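I have placed the structure first, in the form of structure tokens, so that the comments after it can refer back to it.
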Amino acid sequence: MFLRVSREIEQVKRQGHRVSTHFFNLLFFRKSNSFSQVGIIVGRRFGIAVRRNRAKRIFRELVRETHNDLAPGYALLIFPKRDAIVEPFQDLKTAWIGSLRKQRLLTSKPL
RNA sequence: UGAGGAGGCUGGGUGAUCGCUCGAUACCUUCGGUAUCGGGAGGAAAGUCCGGACUCCAAGGGCAGGGCGCUGGGUAACGCCCAGGCGGAGCAAUCCGACACCAGCACCACAGAAAACAAACCGCCGAUGGCCAACGCGACGGGAUCCCAUCUGGUCGCCGCGGCUCAGGUAAGGGUGAAAUGGCGGGGUAAGAGCCCACCGCAGGGAUGGUGACAUCACUGGCACGGUAAGCGUCGCCCGGUGCAAGGCCAAAUAGGAAGACACGUGCGGACUCGAAAGGGGCUGCACAACGGCUGGCCCGGCCGGGGUCUUCGGGUAGGUCGCUUGAGGCUCGGGGUAACUCGGGUCCCAGAGAAAUGGUCACCUAUGCAAAGGGCAUAAUGCUCUUGCAGGACAGAAUCCGGCUUAUAGGCUUCCUUGCUCG
RNA sequence: CGGGGCGUAGCGCAGCCCGGUAGCGUACUCGCUUGGGGUGCGAGUGGUCGUGGGUUCAAAUCCCGCCGCCCCGA
């Protein structure tokens, strides 16, 4: 479910396709795996430890609620932006699903 | 009731649901998975500024380096805490203080006469010595007038009011500065000055009180000794380094090496010789407690050493695992101590992640804030209270563990103290 | 977990060790030079010395606490 190996993350960062929204940047890359994996990257410059943890928790929850509907075979990287941690969760979820659907990363089953 | 000071506690709550992690138990086929039950961030977890525990390293001696700095106590230890002394601020409660030493070196800009060892720019004095010298006294000769007397001016001598400020005295006053060689008053003097005296300050030894820092008292000395050590430095005390990525165990892939035993001198230099070179061979000189490397500041000290033969198979990276949370531990009762703290009894187990868990959503309650409408109460302004709606929790996230410090923090609760006003 | 460095004018840097006047280059403005521009020459403007305290008569400089940035080791 989550992408943890450093070499694969570097590969996505180099070769992935980039999508930007107000709340996050998204990189995705087609692999040969049978199911998709997601990595969440929050650097030191994002803020203090409380804000970094909050960003990771929010996006981890988003992935947990939607990963059953992800199209198989992709590796995704999420770079949260600072506006995301003050936004209501439902708005973030709408933006997240919208971005995924626009890039055809979801299966056809509607939410 | 207004203003102020010193502390202590707390740091939103409840429920439902979907998830994460650890432990125990049960089941499933071992890695592991599932179910049930239980635990799951802070007062600062932060900054990483000190002190320790623990770990490994010849951890030994010396130098260098670093830290601390009023006294007594507490503590495992501390740069922390408590109590006290002294100095400063405040009417006070109270607060603040790197608060040892100026012997040596160095520095003290500008201004000022002079900035550290004594001097004197303006000024004051000029008593004493020097120069000038009024009045007066005496002598000499001249004139009014021929003589005496008298008057008048002249020269010399004595006295010396007064003047010069030359020698010299002085540091009272002026002005500069952050700082100028005790302060203020009186006497004194030519003018002045601890020159003399009283009080205050300072220094010295003494007595008394106190464990001590220190305080008080009287005596003696007429005052010498500027400031800066958060400048170099001196004195006293303390500090070995390393940091859980410490360190132990298991152990892929890849690469070949490592350990032990045996006998043989080794290091540096010189020319010769084989060789295209790299390198090798013997000869010879010197040294050997030598030489080279490691020991992560330096020296001593300590450890290791080149090639050959034989024997053995281990070392270590990724990764895993232990260290990993029971501890200078929390709560409570009693005793000691002014207090910090400590002693004894009872009781409890209270996070252990690892690209790094402790979260998401919904509902209700609540401290508080805002808005409008209405009701009630008291009123000089105005305030209090009830209902409704909206917003809605500050700073901040463990990473080996403790004791402190520092910094951030919306608010709420509470104890004690000082001072002003009003009423009784 | 530990060690080191930096912060000064719009920009790049001196000055700090050993305290007293903040300076250099460039940029900007003005003048001269040119028919005009560039170059050159001369003059000038511009700095809470990261921040809060302390020591000192006096702090960019010495000491302490914070803030930000960068680098290194295990």
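Nothing here was measured: the structure is a model prediction, and the numbers come from that model. Convention: sequence-line order gives letters A, B, ...; per-chain numbering from 1. Keep in mind that the numbers below use all heavy atoms, side chains included, and drop hydrogens, waters and symmetry copies.
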Note, A:Leu76 side chain near A:Gln37 side chain (heavy atom, < 4.5 Å): no

Could you check which nucleotide pairs with B:rG15 in any of the strands shown, counting Watson-Crick or G-U wobble with both distances under 3.5 Å? B:rC362

Can you check whether A:Leu26 reaches A:Phe79 side chain to side chain, under 4.5 Å on heavy atoms? no

Sort out the partner of B:rG319 for me: Watson-Crick or G-U wobble, both distances under 3.5 Å, none otherwise. B:rC250

On a whole-Å scale, what distance lies between the P atoms belonging to B:rG411 and B:rG345? 48 Å

Where RNA chain C forms runs of at least three Watson-Crick or G-U pairs (i with j, i+1 with j-1, under 3.5 Å), the stems are C:1-7 with C:67-73, C:10-13 with C:23-26, C:28-32 with C:40-44, C:50-54 with C:62-66

How many angstroms lie between CD in A:Glu61 and NZ in A:Lys93, if you round to the nearest 0.5 Å? 8.5 Å

Measure from the side-chain heavy atoms of A:Ala49 and tell me the nearest of B:rA398, B:rU361, B:rA357. B:rA398

Taking syn as a glycosidic torsion within 90° of 0 and anything else as anti, which one is B:rU325? syn

Is there a Watson-Crick or G-U wobble partner for B:rC9 with both distances under 3.5 Å, and which nucleotide is it? B:rG412

Applying a 3.5 Å limit to both distances, which nucleotide forms a Watson-Crick or G-U wobble pair with B:rC161? none

Using the P atom on both, measure C:rG46 against C:rG54 and round to a whole Å. 30 Å

Torsion-based syn/anti label for B:rA41, 90° from 0 as limit: syn

Residues passing the side chain to side chain contact (heavy atoms under 4.5 Å, CB included) test with A:Thr21, sequence neighbours excluded, are A:Phe23, A:Phe24, A:Ser99

Among residues at least two apart in sequence or on other chains, which ones pass ring-ring contact (aromatic ring centres under 6.0 Å, His included) with A:His17? A:Phe28

Identify whether the glycosidic angle of B:rC364 places it syn (within 90° of 0) or anti. anti

Taking any heavy-atom pair under 4.0 Å as a contact, classify A:Arg54: base, sugar-phosphate, or nothing. sugar-phosphate

Can you check the distance between B:rG346 and B:rU368, where both ends of the measurement are the P atom (answer in whole Å)? 47 Å

Assess A:Arg30 against A:Tyr74: is NZ or CZ under 6.0 Å from the centre of the six-membered ring, and within 45 degrees of the ring's axis? yes

Side-chain heavy atoms under 4.5 angstrom apart, residues restricted to Ile, Leu, Val, Met, Phe, Trp, Tyr: same cluster for A:Val86 and A:Phe59? yes

Which pairs, protein N/O on one side and nucleotides 11-17 of chain B N/O on the other, fall under 3.5 Å?
none

Between NZ of A:Lys93 and P of B:rU361 the distance, given in whole Å, is 11 Å

Please give, in whole Å, the distance from B:rG397 C1' to A:Phe46 CZ? 15 Å

Does the structure show a Watson-Crick or G-U wobble partner for B:rA399, both distances under 3.5 Å? Name it, or say none. none

For residues A:Ile78 and A:Trp96, determine if any side-chain heavy atom of one lies less than 4.5 Å from a side-chain heavy atom of the other. yes

In whole angstroms, how far is the C1' atom of B:rG360 from the CD1 atom of A:Ile97? 14 Å

Please give the distance between the P atoms of B:rA77 and B:rC101 as a whole number of Å. 29 Å

Shortest non-hydrogen separation from A:Pro80 to A:Ile40 and the atoms involved: CG-CG2, 4.2 Å

Just the rounded figure in Å: distance from P of B:rG40 to CG of A:Asn53. 20 Å

Taking a hydrophobic cluster as the set of Ile, Leu, Val, Met, Phe, Trp and Tyr residues connected by side-chain heavy atoms closer than 4.5 Å, whether directly or through intermediates, do A:Val63 and A:Phe89 fall within one such cluster? yes

Kindly give the atom pairs (protein nitrogen or oxygen, nucleotide nitrogen or oxygen) under 3.5 Å for nucleotides 18-20 of chain B.
from   : atom 1 : to      : atom 2 : distance (Å)
B:rC18 : O2'    : A:Arg64 : NH1    : 3.4
B:rG19 : O4'    : A:Arg64 : NH1    : 3.3
B:rG19 : O2'    : A:Arg64 : NE     : 3.3

Who does B:rC310 pair with, Watson-Crick or G-U, both distances under 3.5 Å? B:rG260

Spacing of the P atoms in C:rA58 and B:rG233 (rounded, Å): 25 Å

Using a 90° cut-off around 0 for syn, call C:rC71 syn or anti. anti

Step through the shown structure and confirm whether more than 12 heavy atoms of other residues, nucleotides or ligands are within 6.0 Å of CZ on A:Arg52. yes

Please give the distance between the P atoms of B:rA363 and B:rC9 as a whole number of Å. 38 Å

In whole Å, what is the span from the NZ atom of A:Lys56 to the P atom of B:rA355? 11 Å

Have a look at A:Ile48 and say if it touches a base, only the backbone sugar-phosphate, or nothing, with a 4.0 Å heavy-atom cut-off. sugar-phosphate

So, using side chain to side chain donor-acceptor pair (under 3.5 Å) as the criterion, who are the partners of A:Asp83 when residues are at least two apart? none

To the nearest angstrom, how far is A:Arg52 atom CZ from B:rA41 atom C1'? 16 Å

Using the C1' atom on both, measure B:rC49 against B:rG227 and round to a whole Å. 33 Å

Sort out the partner of B:rC101 for me: Watson-Crick or G-U wobble, both distances under 3.5 Å, none otherwise. B:rG233

Within this structure, what is the CD1-to-P distance between A:Ile41 and B:rA356, rounded to whole angstrom? 11 Å

With the side chain of A:Phe89 defined as its heavy atoms from C-beta on, choose the nearest nucleotide among B:rA41, B:rA396, B:rU361. B:rU361

For nucleotides C:rG20 and B:rC108, find the distance between their P atoms and express it as a whole number of Å. 11 Å

How should the glycosidic conformation of B:rG43 be described, syn or anti, under the criterion that syn lies within 90° of 0? syn

On RNA chain B, more 5' by nearest nucleotide between A:Glu87 and A:Ile40 is A:Ile40

Rounded distance (Å) that lies between atom P of B:rA356 and atom CZ of A:Arg57: 11 Å

May I ask which nucleotide in the shown strands pairs with B:rU220, Watson-Crick or G-U wobble, both distances under 3.5 Å? B:rA203

